[in-house]
Amino acid sequence: MAENQFIKLRKEKLARIRALGIDPYPVQSARSHKIAEILADPDGSVENATIFTLAGRLVAMRRQGKIGFGNIEDDSGRIQLYVSKAELGEENYELFKLCDAGDFVQATGTAFFTQTGEYSLRCTCIKLLSKNIRPLPTVKEKIENGRAIRYDEFSDIELRYRKRYLDLLLNPEHRKVFATRSRIVSAIRKFLDSRDYIEVETPILQSLYGGANARPFITHHNTLDVDLYLRIAVELYLKRLIVGGFERVYEIGKNFRNEGMDRTHNPEFTMLESYEAYSDLQGMMDLVEALVKHLATDVIGKDIYRYHGHEVNLAGTWRRAAMADLVQEATGIDVMEATVDKLTAFCTEHELEIPAGSAKGKLIAIIYERFVEHTLIQPTFVCDFPKEISPLAKAKPGNPLLADRFELIIAGGEFANAFSELNDPLDQRERLEAQARLRALGDDEANVVDEDFLEALEYGMPPMGGQGIGIDRLVMLLTENDSIKEVILFPQMKPGN
RNA sequence: GGUCCAGUAACUCAGUGGUAGAGUAUCUGCCUUUUAAGCAGAGAGUCGACGGUUCAAGUCCGUCCUGGAUCACCA
C-alpha cells in the first residue's frame with residue numbers, strides 16, 4: 001500500500017536520527033514560554049533579546065539550502081522558525097533536515113523580524129521531541145486581505161468524525177467549537193452552583209430504567225450475573241435525593257437511548273437535569289429562561305443565532321402558550337372540546353400513526369407534534385401538556401386533564417422539558433401502572449414501574465420543580481451547528497473498513 | 001426504514017464506454033530571509049466491495065458497504 005511507502009520512508013528517517021545518537025522520543029522537554037507569550041510583545045522581546053524555548057508541533061517546513069523555515073504551533077498560537085546551518089551548527093542542522101511537518105520539536109532562540117517582516121524565532125538549537133511517522137494531510141493557508149484562504153482543507157465529513165484528532169488538528173475552528181462547549185458547560189455549573197444547587201452523580205448502570213419514554217441499552221454484569229440497563233434519564237434518582245434531604249440538585253451527564261440517529265440524535269447524549277424543592281413550574285420557567293439567556297449573552301456574547309435555516313432571537317420575553325391553543329391555531333380544532341372519535345378521525349385523515357391504547361391527550365400530542373412543534377421558531381414555552389403523556393408531572397391546578405408541564409421549543413425543536421414534579425405517591429403509582437398497561441399493549445418506550453422509587457415517595461417528597469435540557473442541542477444552537485455530530489467529539493459511527 | 005446524492009493517490013478534486021489524471025503532499029537535486037516559497041526530475045492507485053452487460057467498464061446495470069441530505073420515529 002502507498003501508505004506504507006510514506007511510513008517506510010519516515011521509519012528510515014527515524015533510523016538515521018537514531019544513527020546520529022539522537023533519541024526521537026526523549027523523556028525530557030523544557031519549554032520556557034508558550035507561543036502566545038512571544039507573540040504578545042514582539043518589540044519588547046527583540047529589545048530584551050529574551051531567549052525563548054518553545055515547544056509544539058511543526059506544522060509546515062520550507063527548506064531552502066543552508067537555511068530553512070518552519071512553523072511551530074502550540075495550543076496558544078503559531079510562530080515561524082528561522083533556522084540556518086550557520087547558527088545551528090552542522091550536526092543540529094542535520095537533525096533539522098530530518099524533521100517533517102507533524103513532528104513535535106523544541107526550538108530555542110530569540111525573536112526577530114525577517115526581511116518580509118514576519119515576526120519569527122531565530123533558532124540556535126532544535127530538539128526533536130516526538131517523530132511523526134505518518135504524514136498529516138496537507139492543508140495550506142494563504143492570508144489575503146487579512147482573511148485566510150485554505151487550500152486542500154481536511155473537509156471530508158466522514159473522515160472528520162472518524163479521525164476527530166485530525167479534524168481538531170487541521171481545522172482550528174472545530175477545536176474552537178469544543179472549547180466553547182466546555183465554556184458553556186462550565187457556565188451552567190457556575191450558574192446553578194451560585195443558586196445553591198449541588199452537583200451529584202447517580203448510576204449509569206441501573207437494574208430498572210425510568211424518567212423518560214425511550215428504549216434502553218442492555219448490558220450484563222458478570223459477577224452479579226444480572227442484566228443492567230444504561231440509564232435513559234436521571235430523574236428518578238435525583239428525586240430520591242430530594243427525599244433524602246437535599247433541596248437543590250443537578251446532574252450533567254450522559255444518557256443512552258437505543259433509538260435512531262440523525263442530525264439531532266446521538267445514541268449517547270448529554271443532559272442536564274435539575275430539581276429544586278419548594279419551586280414549581282413557574283420557577284423552572286424562570287430558571288431555564290435565565291440560564292439560556294445568560295449563556296447566550298454572557299458566555300457567547302450575542303442574542304441572535306442562525307440555526308437550522310432560521311434566525312433565532314433569544315432576547316426579549318419568551319412566548320408562553322398552551323398546547324391546546326397552539327393546536328387550535330394551526331388546525332382549527334378545539335381539542336379541549338373535541339371527542340376522541342373526532343381526533344382519531346383527524347389523525348387518520350392525515351395519516352398519523354396512533355399507538356395502541358392512545359387516549360385523548362396522546363392524540364392531542366400527536367397532532368401538536370405534527371402540525372405545531374416545527375412551526376415554533378422563536379423561543380416558546382409550550383404549556384399545559386396532557387396529563388397522560390406526563391406520568392411524572394403533577395396535574396395542573398384546576399384542570400385534572402392537564403399536567404403542570406412545559407417544553408421549551410426553539411427553531412422547531414425541543415430544548416427543555418420541565419414540570420411541577422408529582423409527589424403524591426398513590427397518584428404516581430397509578431400513573432406508572434397506566435404506563436405499564438401501555439407497555440403491555442406494545443409501547444416499548446412506556447415507563448416501567450419502579451417500586452423502590454415509589455417507596456421513596458411514600459416516605460414523603462416536598463413539592464418541587466424539575467427541568468431537563470439537552471446539552472448537545474443547546475451547544476448546537478449556541479455554536480450555530482446544524483448537526484449534533486459537530487458538537488460531540490466522537491459521535492457514534494457505524495464500524496468502518 | 002423510504003427517497004435522493006456521494007465514495008478515484010496521503011489531502012482536495014477532474015475524468016464524455018477505448019492506455020488512470022491534476023494541484024498539494026512525498027522522494028532526489030539546486031537554492032543563506034521564505035511563507036500556498038521557487039526551479040528541475042521521480043515515485044505513488046484493488047477508481048468503496050462483489051457480480052453482470054460489453055471486444056472493451058472508473059464510466060452502463062444489479063446487490064451490498066460507508067457517509068451526507070431529506071422524510072418517518074425518539075431528546
Rounded off to whole Å, could you give me the CD-to-P distance for the A/Glu369 and B/rC73 pair?
8 Å
A/Leu81 atom CG is separated from B/rU34 atom P, nearest whole Å, by 16 Å
Kindly indicate whether the side chain of A/Gln80 and the base of B/rU34 share any N or O donor-acceptor pair separated by less than 3.5 Å?
yes
Can you measure A/Asp262 atom CG to B/rG68 atom P for me and round it to whole angstrom units?
10 Å
What's A/Arg122 touching, base or sugar-phosphate or nothing? Going by heavy atoms closer than 4.0 Å.
base
d(CD, A/Glu118; P, B/rA37) in whole Å:
11 Å
Taking a pair to mean Watson-Crick or G-U wobble geometry with both distances below 3.5 Å, B/rC39 pairs with B/rG29
Pair A/His310 and A/Tyr305, ring centroids less than 6.0 Å apart
no
For B/rC50, the Watson-Crick or wobble counterpart (both distances under 3.5 Å):
B/rG62
Stepwise side-chain hydrogen bond (donor to acceptor under 3.5 Å, both in side chains) check, A/Glu273 with A/Tyr275:
CA-CA 7 Å; A/Glu273 286 191 40; A/Tyr275 294 84; 2.7 Å; yes
Taking atom C1' of B/rU33 as reference, at what distance in whole Å does atom CD of A/Gln115 sit?
5 Å
Do any side-chain nitrogens or oxygens of A/Lys494 fall under 4.0 Å of OP1 or OP2 in B/rU66?
yes
Under 3.5 Å donor-acceptor pair, A/Thr116 side-chain atoms to B/rU33 base atoms:
no
So, do A/Phe112 and A/Tyr82 have ring centers that fall under 6.0 Å from each other?
yes
Identify whether any heavy atom of A/Asp482 sits under 4.0 Å from a base atom; if not, whether one sits that close to sugar-phosphate; answer base, sugar-phosphate or nothing.
nothing
Looking only at the side chain of A/Phe6 (C-beta and beyond, no hydrogens), which of the listed nucleotides B/rU26, B/rU33, B/rC74 gets closest?
B/rU26
Look at the side chain of A/Thr114 against the base of B/rU34 and say whether a donor-acceptor pair falls under 3.5 Å; ignore hydrogens and angles.
yes
Establish, with yes or no, whether the OP1 or OP2 oxygen of B/rG67 is under 4.0 angstrom from a side-chain nitrogen or oxygen of A/Lys485.
no
Atom CG of A/Asp444 to atom P of B/rC74: distance rounded to whole Å?
12 Å
To the nearest angstrom, the CD-C1' distance between A/Glu153 and B/rA10 comes to 17 Å
Taking any heavy-atom pair under 4.0 Å as a contact, classify A/Leu159: base, sugar-phosphate, or nothing.
sugar-phosphate
Check this for me: A/Lys360, atom NZ, are more than 12 non-hydrogen atoms of other residues, nucleotides or ligands nearer than 6.0 Å?
yes
Are OP1 or OP2 of B/rU32 and a side-chain N or O of A/Lys85 less than 4.0 angstrom apart?
no
Kindly assign one of parallel, tilted or perpendicular to the pair A/Phe381 and A/Trp318, based on the angle between their ring planes and the thresholds 30° and 60°.
tilted
Can you find a side chain N or O atom of A/Arg63 that sits less than 4.0 Å from OP1 or OP2 on B/rU34?
no
For A/Met493, answer base if it contacts any base atom (sugar-phosphate contacts may also be present), sugar-phosphate if it contacts only those atoms, and nothing otherwise; contact means non-hydrogen atoms under 4.0 Å.
sugar-phosphate
Given RNA chain B, 5'-ward residue of the pair A/Val139 and A/Glu407, judged by closest heavy atom:
A/Val139
Short side-chain N/O contact to B/rU33 OP1/OP2 from A/Gln64, under 4.0 Å:
yes
For atom CZ of A/Arg160 and atom P of B/rG68, their distance in whole Å
11 Å
Under a 3.5 Å cut-off for both contacts, is B/rC73 paired Watson-Crick or G-U wobble with anything, and if yes, with which nucleotide?
none
Side-chain H-bond candidate by donor/acceptor type, A/Asn266 with A/Asp472, under 3.5 Å
no
